Amino acid sequence: MWHFAMMNDRPRNAAYFRALQRVIFPGQSVVLDIGSGTSALLAMMAARLGARRVYTVEANPVLAAMAAETLARNRLDRRVTALSCSSTDLVLRESLTASEDGRRGCVLEERPTVIVSEVTIFQAIVVAA
C-alpha cells in the first residue's frame with residue numbers, strides 16, 4: 001500500500017516537519033490536515049510542534065478510523081480531532097444556524113490558521129491571514 005511508502009519516506013517527512021516548524025506558532029495555531037490517511041502523521045507533527053488545536057480529515061471511513069486509533073495510541077486524541085468526511089463537507093461551527101447544529105458530522109470548532117494538504121504531484125502548506 002502507498003501509505004507505507006509515504007510513512008517511510010524520510011526526506012518527505014523531514015521536509016514537512018521543517019515546513020510545519022516555520023508556520024506553527026506554539027499555543028496559537030489551529031491546523032487542518034486534509035487527507036490524514038491511516039497514520040495522521042502530519043497532524044501528529046503539528047500537535048507535537050505545539051499547535052493549540054489540530055483537525056485531520058479523511059474521506060475514507062476505514063482509513064479515518066485507523067487514523068483516530070493511531071492518535072489515541074499516541075495520546076494525541078485530545079488535541080487532534082479526527083473527522084471522517086470529505087474536506088468539501090467541512091463547515092465552521094460559527095457558520096451553522098441553530099437548526100443545523102448537531103446535524104453535521106464535519107464541524108470545525110475554530111477557523112484553521114494553517115492548512116496542510118498533499119496531492120500526488122503538488123505539496124503545499126497554506127497559511128491563512
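Note: hydrogens, waters and symmetry copies are ignored here, and every other heavy atom, side chains too, is used. Quick caveat, the model's predicted, so the values are computed rather than measured.
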Start with the C-alpha distance between T70 and M44, add both sets of side-chain angles, then the distance that settles side chain to side chain contact (heavy atoms under 4.5 Å, CB included), and finish with yes or no.
CA-CA 9 Å; T70 299; M44 288 195 296; 4.0 Å; yes
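- Evaluated for a side chain to side chain contact (heavy atoms under 4.5 Å, CB included) with D33, the options V57, L41, T56 yield exactly one hit, T56.
- To the nearest 0.5 Å, atom CD1 of residue I34 and atom OG of residue S87 are 4.5 Å apart.
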Which is it for C85 and L90 under the side chain to side chain contact (heavy atoms under 4.5 Å, CB included) test, yes or no, and what are the steps along the way?
CA-CA 8 Å; C85 63; L90 291 170; 4.1 Å; yes
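- In this structure, R53 contributes its side chain and V31 its backbone to no donor-acceptor pair below 3.5 Å.
- Between atom CE of residue M45 and atom CG of residue N13 there is a gap of 4.5 Å, rounded to the nearest 0.5 Å.
- Residues I115 and L92 share a single hydrophobic cluster, defined by chaining ILVMFWY side chains whose heavy atoms lie under 4.5 Å apart.
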Show your working on side chain to side chain contact (heavy atoms under 4.5 Å, CB included) between V80 and N74 and close with a plain yes or no.
CA-CA 11 Å; V80 182; N74 283 277; over 6 Å; no
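- Considering all non-hydrogen atoms of both residues, L49 and P26 come closest at O-CG, 3.7 Å.
- Between S84 and P61 the shortest heavy-atom distance is OG-CA, 3.4 Å.
- For the atom pair OG1 of T38 and CD of E58, the computed distance is 8.5 Å after rounding to the nearest 0.5 Å.
- The closest donor-acceptor contact from the side chain of S86 to the backbone of T88 lies under 3.5 Å.
- Taking both residues in full, the closest heavy atoms of I24 and A51 are given as CG2-N, 3.8 Å, listed atom of the first, atom of the second, then distance.
- Using a 4.5 Å heavy-atom threshold, the side chains of R48 and L76 count as touching.
- Across every non-hydrogen atom of A64 and L83, the tightest pair is CB-O, 4.3 Å.
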Run E109 and V30 through side chain to side chain contact (heavy atoms under 4.5 Å, CB included) and show every step you take.
CA-CA 10 Å; E109 299 297 329; V30 177; over 6 Å; no
